[in-house]
Amino acid sequence: MQASRARLFKEYKEVQREKSADPDIQLICDDSNIFKWTALIKGPSETPYEGGVFQLAFAIPEQYPLLPPQVRFLTKIFHPNVHFKTGEICLDILKNAWSPAWTFQSVCRAIIALMAHPEPDSPLNCDSGNLLRSGDIRGYQSMARMYTRLAAMPKKG
Amino acid sequence: MGDSSVAGALVPSVPKPEPAPSGDTSAAAAATTAALAMPEEAGMRAASASPQGPAEEGEGPADRDLLCPICMAVIKDAFLTACGHSFCYMCIVTHLSNKSDCPCCGHYLTKAQLYPNFLLDKVLKKISAQQIAKTASPIDQFRCALQQGNEMGVKELDSLMTLIAEKKRQMEQQESETNMQILLVFLHCLRKQKLEELNEIQTDLQYIKEDISSVERHRAELYRTKERYSMKLRMLLDEPTAQKMWPSPIDKASCRFLPNSRTPLSGSCPGTLQNKKLDLKAQVSHQGFQRRDALTSSDPPNSPIQSGNVIARKRRVQAQFNELQEYYLQRRRTGAQARRQEERDIVAMNREGYHAGLQDFQSVLTTFTRYSRLRVIAELRHGDLFHSANIVSSIEFDRDDELFATAGVSKRIKVFEFSTVVNEPSDVHCPVVEMATRSKLSCLSWNKYSKNIIASSDYEGIVTVWDVQTRQSVMEYEEHEKRAWSVDFSRTDSSMLVSGSDDCKVKVWCTNQEASVINIDMKANICSVKYNPGSSFYVAVGSADHHIHYFDLRNPSSPVHIFGGHKKAVSYVKFLSNNELASASTDSTLRLWDVKDNCPVRTFRGHKNEKNFVGLSVNNEYIACGSETNEVFVYHKAISKPAASHRFVSSDLDDADDDPGSYFISAVCWKSDSPTMLTANSQGTIKVLVLAP
């Protein structure tokens, strides 16, 4: 508990110091609880998620950084490796491949990379995975773009 | 130098593997891909080692390179892994108890493959020391230098110590001066305050001294007058008719002035003066007795009565001494201020021999000590023995104090003849007039000019004007939408009346027309309304918003003034005079207001009133109100505590079954310019009470 709190304070200072370093990632820590974090990430360019802003929620265990945080999408996203209803993310660095050297910043960067390079072989969203495995790239991109506009883009007018 | 270059080459490689795993993951971390990546990483490491070495020497290490990848703090007890990465010893050991890999590169790793890196430890300590030196204050640096044992000469130390001692002396002196300054300011304030108190007390003593002289002079004059009168009486002794005149002037003189002389003696005079006064009094009393004995043998029977009266009055003065003292000083100070404003009054006052303040106080003291209790002179029981609800909401004397009317939840207006009720004992008094009403009644108001006209307000919001002679309603005003609590005829314009209701409206009516003349919409329930006795334009409104709103009906859009101070609804408002307004509230207080200067005058406490309408009535000097303890309380308008009280006692056998604590006084009404009043309670019992010594 003490070590994780100290580590989280270090990350918080790092985030405050380099706020404008990475324009695609915005990490937000709760004012009264160092264990409550959220993040806003931009959809990578040249993908159907481009133009969308997706919100992530971090659930941080007491053994952090020895154990990985549990991250999930709060914003609806059509992606093979993200559970459509719960927002759970299938990403190895958030499970068995976790290392204490990872930080929230690097986790967000990895998630952005996952959005650009989906892996349909281990899907949490079967519909999305099936589209990609059957080679219907166009169909997948169309669905993903639609949901991005519905859920991840601010309403116009 | 060679070792340092080796360490420099190793440290920069720590953050580089971070993006690599990301790349692996995005490409899907398959075993074969990982195997392929290993040689790439080795190659990258070799490449970074050779070219960056010289660069590091020139630039110096970055801050991030000093941090442990796990805890992100400066590395403590640096340990090197077999794959060449450095961590805090505790961090890497804790990690290896969970997993057997390197946090940076994922290479297989066990605790047996950790090695201490002493050189890195030293470098980190030096860097920390440098950083501390940059940020530490000069005092800390000085302290470190001394502790580390830098060589300094004795002379240098002496000069430093001299400087420090001088600095210390200056600071101590400054602090001492500041403390003295604060103490001096306090003492000056204290002296100023005490001098003000002293001046005030001296002024009060001066007033008291002047008043004692005035009163003594007045008594001397009275005694001289008395002597002359006695001499005349001796000449008339032979005539029998003269004997009847003896007691009156003596009684009046003694009753009137003795209480005044006792007030200063009781608490304000010094011991020596008090002794002198007592001696003088003894002589005076002795002389008085001699004269009485000389005059006639009929004097002795009067003496006990006089002494009894004097003792009773003295006891009353003692009981309320604090209130009387406060009122006396208040009047004298006010009188003194008035005196400064108008010099002409000085001449007038000198002629009278009294100051205005003392005159006020004398009249208050006289009236206050005259009465101490309420005596029942008549009791009237309602004839409706079968009515369970007999609360009398209102009881009012007519213009000439000959008739009084009662009304309440019995839905009847009953008019009684006062002299009959008082003079003729009877088990059941019959009203001279009885009128049935549709609803329960809340308030009655006699017309101040037409003797047979009375107005009522009821629980349905109807204001009705009745003709008592014909027992018919003359006019019915039905504009109020909810219960009307209060109605009042104007004294100066007998055709005008005002009413207040739970619909938050005050309405002014004219007996010549059916619609309301003026409508005032307020934001809270109206509990009481009252015309100023000297004007048909001014109306006081007691409201559930805890305030009294004083209106000029010529401009009804907003009140002339709002009197605030009550903490609950204002249930009654009554005028003692054109400028004096009394109010009652369910905060268990009565308040007296000056409607000319728009200021509060006094607050009266002693009765209990938290939820019911318990009645309020005023005459020139006294304020009477009911209490939820089934008692009537009487206050003198100048004293905050009750002057007298009377408890209603349930005498009926049937009533004994009920809880006596649940009854309350529901209505009171003074007879004009008289110590007599009518009271009624929630049982419907009506009593005629009179103030008694």
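In what follows, chains carry the letters A, B, and so on, assigned in the order in which the sequence lines appear, proteins first and then strands, with residues in each chain numbered from 1. Predicted model only: the values in this text are computed from it and were never measured.
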Structural part of [X] lying under 4.5 Å from a heavy atom of chain B:
X	value
A/Asn81	neither
A/Glu14	side chain
A/Leu67	side chain

Calculate, to the nearest 0.5 Å, the distance between atoms NE2 and SG belonging to B/His85 and B/Cys68 respectively.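 If I round to the nearest 0.5 Å, the distance is 12.5 Å.
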Looking only at heavy atoms, what is the nearest atom pair of A/Pro80 and A/Pro120, with distance?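 Between these two residues, the closest heavy atoms are CB-CA, 4.3 Å.
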Which atoms of B/Ser97 are under 4.5 Å from chain A, going by heavy atoms: the side chain, the backbone, both sets, or neither?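 No part of it gets close to chain A.
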Once you measure the plane-to-plane angle for A/Phe104 and A/Tyr64, does it fall in the parallel (<30°), tilted (30-60°) or perpendicular (>60°) bin?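 Plane angle under 30°, so parallel.
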Taking only Lys NZ, Arg NE, NH1 and NH2, and the carboxylate oxygens of Asp or Glu, determine whether A/Arg7 and A/Glu11 approach each other closer than 4.0 Å.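 Judged by the 4.0 Å cut-off on N to carboxylate O distance, A/Arg7 and A/Glu11 do form a salt bridge.
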